[in-house]
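Order of appearance sets the numbers: ligands from 1, and atoms from 1 within every ligand.
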Amino acid sequence: MVLWKVQSVAHPTIGIVLLGGLMDQYERLPYHSSAGIAYTLTDSESVARTTLTVGTEKSSVNINGVEIDQQDSRSPMKLIHKYSSSFLEKYRSDRVSIESVNENILSGSSDAGAAALGKCIDASIGVDPVSLELEMRKVSESAGRSYHGGLTITYAGPRPFTRKILDESEFENIRIISAVFPHKRKPSDDIHTNQPRHEYYRSRMQNAERAVRELEMLSSRSDIKGIFELAMRDTEDYHYMNSLVDVQIVTPEMRTLMDRINEWRSEIWMTYIVTGGNSVFIPTMRENASEVTGLISGFTEEIHELRVAGGARLISSGFS
Ligand code: ADP
Ligand code: 3S4
C-alpha cells in the first residue's frame, strides 16, 4: 500500500574549480573547496527525475530501470536510513522505495540523483539543509551544486557546505558547447584516490582555495567571462595534477581541440573546461554558439548545446 509519494528533479553539474581528493570514501568529505554550475541541454531538459514512495512494501532502489544493491557504498538508501525515525514518526513506516531516471545527462548524474532525492526527503519530513547536504554527499560529493543550482561554491571543512553565489539568470547570455568524445569515462574515484598521494597535491589545494576566493570576487562584480577564464586555468592545473598521478582524462584528441580553442579565442570569445569525463565543455556567448558548434564539428560527431540551470525542484507530492 502506498502512503505518500513525492517526485523531484535536479540538474547535473559541471565543475568550475574542480574537486580532486576525498578524505574517506564513505562520507566523501573534500580536502579542498571547489565550485560548479548546474546545467541543462538547451533543446531538452537534463535532469535526474526521482520518485520516493513511502509504503508497506519492502524498500528498494531502482536507477534507470536497474535494481541497485542497498549495501552499495554510494547507495541512495543511506539517506533513508539516516532519517528513518522521522519517516516512522510521520508516516508510521520507514519502508521507502526510490526510483530515479536520468534524462539527457552527459555527466554529473550522481550529483543530480542525490540532489533530487534530497529534495524529495525535505518535502517528506522537512530537514536542516546543512545536515541534508552531509547526507547527500555520501551519494555524490557535488550534490550541493545540483541542489542549489546556478553558480555555487562548496567550502571544505569538517562540515562542508555549499553556497549559491550567482543565480542562473546571470548566465542567460552564455551557452556551453559540449564536444563529447567517443571513449568511456573513468570513474571519478580514480581521481579522488590518486591526487592526494602526490607531493604537488599541496600546491593544488592552495591553487583551488585561491581560485575560490577569486571566484567570489568575480561573482560580486558579475564578471561572467572572468569566471569562465578562471575555470579554464583551473582545468589546466587540475589535469596537470592528474598527469602527475597517471590518471589520463584529457586524451590526445581532446588536447588537440583545446589547443585549437586557444587559437580561436583571439577571434571569438570562448574557453574550455574538462572535468572527469569525456567531454570538452566550451563556454561562449549565446550569439556565437552556432559558429563555435561549426568550428568543432570536425573534431567529434557528438555535440550538444547547454546553458546554466537552476536548483532542484519539487514536481508533485501527495498522500494516498
Ligand atoms: P557522474 O559524473 O555521472 O556522476 P560518477 O562516476 O561520479 O559519474 O558517479 C556514478 C555513480 O552515480 C554510480 O554509482 C551510479 O549508480 C550513480 N548514479 C547515477 N545516476 C544516479 C541517480 N539518478 N541517482 C542516484 N545515483 C545515481
Ligand atoms: C571529476 O566530484 P565529474 C569531478 O569538480 C569530480 O567537477 C567531482 O567531476 C570534478 O566529472 C569536478 O565526476 O562530474
Side-chain angles (χ1 to χ4, degrees), residues 7-23 25 28-39 46-52 61-80 98-121 135-146 151-154 156 160 162 178 180 184-195 204 208 211-212 215 231 234-235 237-239 241-242 247 249-250 273-281 312:
Q7 186 181 80
S8 299
V9 294
H11 299 287
T13 78
I14 300 171
I16 293 292
V17 177
L18 299 166
L19 175 63
L22 296 173
M23 283 181 205
Q25 290 307 308
R28 300 186 79 81
L29 300 174
Y31 279 112
H32 64 78
S33 303
S34 60
I37 48 174
Y39 77 83
S46 307
V47 287
R49 184 176 300 276
T50 299
T51 309
L52 180 158
V61 183
N62 184 302
I63 298 175
N64 294 322
V66 178
E67 289 294 317
I68 300 294
D69 179 359
Q70 292 179 39
Q71 305 311 317
D72 188 282
S73 65
R74 291 173 71 177
S75 167
M77 200 48 88
K78 279 182 173 174
L79 275 82
I80 305 302
I98 300 165
E99 212 181 308
S100 191
V101 179
N102 297 336
E103 300 171 0
N104 308 307
I105 293 186
L106 306 177
S107 68
S109 56
S110 56
D111 320 344
L117 177 60
K119 197 77 188 169
C120 287
I121 291 175
E135 297 309 315
M136 292 191 302
R137 69 167 40 257
K138 292 175 184 168
V139 178
S140 168
E141 59 284 358
S142 306
R145 293 178 186 169
S146 176
L151 173 66
T152 49
I153 294 179
T154 302
T162 299
S178 160
V180 185
K184 200 170 173 319
R185 71 159 288 163
K186 294 199 174 88
S188 56
D189 283 340
D190 278 6
I191 298 172
H192 295 311
T193 49
N194 284 300
Q195 283 196 356
R204 171 64 201 151
V212 160
L215 190 64
D234 189 70
T235 278
D237 188 51
Y238 187 76
H239 291 289
M241 171 83 258
N242 283 333
V247 176
I249 306 292
V250 179
I273 299 168
V274 177
T275 63
N278 53 340
S279 289
V280 178
F281 296 104

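- Annotation: Q71, atom CD; neighbour count of heavy atoms from other residues, nucleotides and ligands within 6.0 Å does not exceed 12.
- Between the CZ atom of R49 and the CG atom of N102 there is a distance of 11.0 Å, given to the nearest 0.5 Å.
- Distance alone, capped at 3.5 Å, places no donor-acceptor pair between the H11 side chain and the A48 backbone.
- Using a 4.0 Å cut-off between charged nitrogen and carboxylate oxygen, D189 and R28 count as a salt-bridge pair.
- In this structure, OG in S100 is found 11.0 Å from CG in L52, a value given to the nearest 0.5 Å.
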List ligand 1's nitrogen or oxygen atoms that come under 3.5 Å of a protein nitrogen or oxygen, with the partner atom and distance.
unit_1: ligand 1; atom_1: 2 (O); unit_2: G108; atom_2: N; d: 2.9
unit_1: ligand 1; atom_1: 2 (O); unit_2: R185; atom_2: NH1; d: 2.9
unit_1: ligand 1; atom_1: 3 (O); unit_2: G108; atom_2: N; d: 3.3
unit_1: ligand 1; atom_1: 3 (O); unit_2: S109; atom_2: N; d: 3.0
unit_1: ligand 1; atom_1: 3 (O); unit_2: S109; atom_2: OG; d: 2.6
unit_1: ligand 1; atom_1: 4 (O); unit_2: S109; atom_2: N; d: 3.2
unit_1: ligand 1; atom_1: 4 (O); unit_2: S110; atom_2: N; d: 3.0
unit_1: ligand 1; atom_1: 4 (O); unit_2: S110; atom_2: OG; d: 2.6
unit_1: ligand 1; atom_1: 7 (O); unit_2: S188; atom_2: OG; d: 3.2
unit_1: ligand 1; atom_1: 9 (O); unit_2: S110; atom_2: OG; d: 3.4
unit_1: ligand 1; atom_1: 20 (N); unit_2: N102; atom_2: ND2; d: 3.0
unit_1: ligand 1; atom_1: 23 (N); unit_2: S100; atom_2: OG; d: 2.8
unit_1: ligand 1; atom_1: 23 (N); unit_2: N102; atom_2: OD1; d: 2.8

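- Atom CG in L106 sits 4.0 Å away from atom OH in Y39 (nearest 0.5 Å).
- A donor-acceptor pair is defined here as one N or O able to donate and one able to accept, closer than 3.5 Å; such a pair exists between the side chain of K78 and the backbone of S73.
- Side-chain atoms of Y238 come within 3.5 Å of backbone N or O of L19 as a donor-acceptor pair.
- If you look at ligand 2, the protein residues with a non-hydrogen atom under 4.0 Å away are G15, L18, L19, E141, S142, R145, R185, S188, I191, H192, Y238, T275, G276, G277.
- The backbone N or O of S33 sits nowhere less than 3.5 Å from a side-chain atom of T154 that would complete a donor-acceptor pair.
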